[in-house]
Amino acid sequence: MEEPINVFVLGTAGCGKSTLVAAYADWMYRNQYSTTLVNLDPGVETLPYEPDVDVRDLFTLSEVMEDYSLGPNGAQIVAADMLALNAKKLKDDISSKESHYIIYDTPGQLELFTFREASKELMNGLYPKRSAMLYLIDPFNAKTPSGFISQLMLSSLCKLRFQIPSMDLISKMDMITFEDEERLQGWIDHPERLLDDTFTESSQTGSLNVELNIGIHRALDEMGQFGNIRKASSVTQNGVEEIYRFVQMALGAGEDLEKI
Ligand SMILES: Nc1nc2c(ncn2[C@@H]2O[C@H](COP(=O)(O)OP(=O)(O)O)[C@@H](O)[C@H]2O)c(=O)[nH]1
Ligand SMILES: [Mg+2]
């Protein structure tokens with residue numbers, strides 16, 4: 001069997017990863033594409049979908065806390081490393097499902113997944129050549145220019161770390177006001193407006209660092225960060241089909257998967 005397509009959903013805590021996995025899976029099922037859902041978050045209590053492969057069957061965060069006498073922060077670091085050590089086991093479980101499409105829900109703490117070597121090892125131990133990622137931007141963390149820029153920079157760091165095709169997606173679109181949506185779209189369509197607003201925002205704090213603002217803006221622009229931002233809602237499912245199209249194109253998988 002050809003290697004399956006793998007989609008990793010990344011983003012800061014609470015940005016809507018697990019909910020998007022549920023919405024995406026729902027869309028896939030309705031279109032009769034076979035899909036395997038993988039939960040990589042050992043600390044999550046309840047999920048809005050039924051995982052087919054679940055890291056919590058191997059270990060949970062509370063077990064790690066107890067076994068190693070650690071608090072939640074220390075346990076999360078150990079858990080991130082344990083995830084990589086279990087890459088082979090996870091891959092065996094995933095491949096036993098014989099699905100063409102795998103969606104991964106990643107741990108709540110983005111920095112643990114992105115900045116530790118273990119996560120790269122995990123990804124490399126799975127299907128690195130057939131993997132893409134979705135970086136979710138929580139619109140409530142992107143209300144100010146510096147908030148939005150921070151999200152774009154985190155997304156760039158994820159791209160730098162994993163070096164796989166990536167799509168930025170503003171989540172929870174059904175929750176934001178028309179004004180907030182207009183402002184965000186204005187920044188996406190006219191990045192120079194974002195730079196102007198950054199100056200206004202920083203000057204209000206009395207510590208305007210012109211070089212820093214211009215340098216970061218230029219770097220994001222040169223990386224093409226502004227040209228590739230989409231919007232979605234897991235409640236209305238608007239934007240979900242676009243994710244599927246993006247992944248198919250990005251991984252050279254053609255227009256459509258085989259139906260079940
Ligand atoms: N209205 C609405 N709520 C959402 C959406 N996506 C996530 N949420 C809510 O945001 C909260 C955090 O979502 P969750 O998926 O657990 O975030 P995670 O920590 O990134 O996995 C939950 O209360 C979700 O119900 C969305 O598209 N629309
Ligand atoms: Mg989650």
Side-chain angles (χ1 to χ4, degrees), residues 6-30 35-62 64 72-73 75-77 79-80 82-83 90 102-116 119 122-123 132-143 147-148 150-152 154-155 157-158 161-162 166-181 184-185 229-244 246:
N6 297 262
V7 184
F8 290 81
V9 182
L10 273 70
T12 51
C15 68
K17 296 180 291 296
S18 301
T19 313
L20 184 84
V21 168
Y24 195 2
D26 187 56
W27 186 90
M28 293 292 282
Y29 296 140
R30 275 193 290 112
T35 310
T36 292
L37 305 181
V38 182
N39 171 43
L40 294 179
D41 187 351
V44 72
E45 297 279 332
T46 52
L47 286 170
Y49 59 89
E50 189 69 46
D52 301 295
V53 176
D54 194 339
V55 67
R56 292 174 301 175
D57 292 338
L58 298 171
F59 59 89
T60 65
L61 199 63
S62 42
V64 177
N73 290 339
Q76 269 163 350
I77 294 173
M82 284 172 69
L83 210 53
L90 281 167
I102 327 282
I103 304 174
Y104 299 82
D105 191 6
T106 60
Q109 264 59 27
L110 174 77
E111 74 274 24
L112 285 177
F113 194 71
T114 307
F115 299 147
R116 291 189 72 77
S119 308
L122 171 70
M123 213 177 265
M133 69 181 204
L134 301 177
Y135 182 85
L136 293 200
I137 296 174
D138 188 331
F140 295 97
N141 288 336
K143 284 188 161 210
F148 185 48
S150 304
Q151 287 298 317
L152 295 180
L154 278 174
S155 162
L157 288 173
C158 292
R161 291 290 287 169
F162 296 118
S166 165
M167 179 184 193
D168 291 319
L169 204 60
I170 301 175
S171 61
K172 307 182 185 175
M173 285 307 292
D174 61 290
M175 290 181 80
I176 73 170
T177 62
F178 179 72
E179 289 73 31
D180 284 345
E181 181 170 355
L184 271 171
Q185 195 59 53
I229 305 168
R230 302 280 180 274
K231 298 181 285 193
S233 160
S234 295
V235 170
T236 65
Q237 294 202 1
N238 276 346
V240 173
E241 181 166 355
E242 260 194 275
I243 306 173
Y244 170 78
F246 162 77

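Because the structure is a prediction, the values reported are computed rather than measured. Computed over heavy atoms, backbone and side chain alike; hydrogens, waters and symmetry mates excluded. Both counts, for ligands and for their atoms, begin at 1 and track the order of listing.
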Using a 4.0 Å cutoff against the non-hydrogen atoms of [X], which atoms of ligand 1 qualify?
X    : result
S234 : 26 (C), 27 (O)
S233 : 27 (O)
S18  : 15 (O), 21 (O)

Taking distance alone, with no angle check, do [X] and ligand 1 share an N/O pair under 3.5 Å?
X    : result
A232 : no
M175 : no
G14  : yes

Return the [atom1] to [atom2] distance between [X] and [Y], rounded to the nearest 0.5 Å.
X    : Y    : atom1 : atom2 : result
I137 : L152 : CD1   : CG    : 5.0 Å
L61  : E45  : CG    : CD    : 9.5 Å
Y24  : T19  : OH    : OG1   : 16.0 Å
T114 : L157 : OG1   : CG    : 8.0 Å

- Query: With respect to atom 6 (N) of ligand 1, which of L47, L20, T19 exhibits the smallest heavy-atom separation?
  - Reply: T19
- Task: Using heavy-atom distances, let me know which of D174, L10, L110 sits nearest atom 28 (N) of ligand 1.
- Result: D174
- Message: When you measure from the heavy atoms of S171 to every atom of ligand 1, does any distance fall below 4.0 Å?
- Response: no
- Query: the Mg ion (ligand 2) to S18: any N/O/S contact under 2.8 Å?
  - Reply: yes
- Nearest protein heavy atom to atom 23 (O) of ligand 1: under 4.0 Å? no
- How far is atom 4 (C) of ligand 1 from its nearest protein heavy atom, and which residue and atom is that? K172 CG, 4.0 Å
- Query: Among all protein non-hydrogen atoms, which one is nearest to atom 17 (O) of ligand 1, and what is the separation to 0.1 Å?
  - Reply: G16 N, 3.1 Å
- Query: Do side-chain atoms of K172 reach the backbone of P139 as a donor and acceptor pair under 3.5 angstrom?
  - Reply: no
- Query: Does T60 use its side chain to pair, donor to acceptor, with the backbone of R56 at less than 3.5 Å?
  - Reply: no
- Message: If the test is side chain to side chain contact (heavy atoms under 4.5 Å, CB included), which one of L20, L37, D26 qualifies with Y49?
- Response: L37
- Query: Which bit of K17 gets closer than 4.0 Å to ligand 1, counting heavy atoms only: side chain, backbone, both or neither?
  - Reply: both
- Does a side chain donor of either T236 or D174 reach within less than 3.5 Å of an acceptor in the other side chain? no
- Can N238 and S233 be counted as having a side-chain donor-acceptor contact under 3.5 angstrom? no
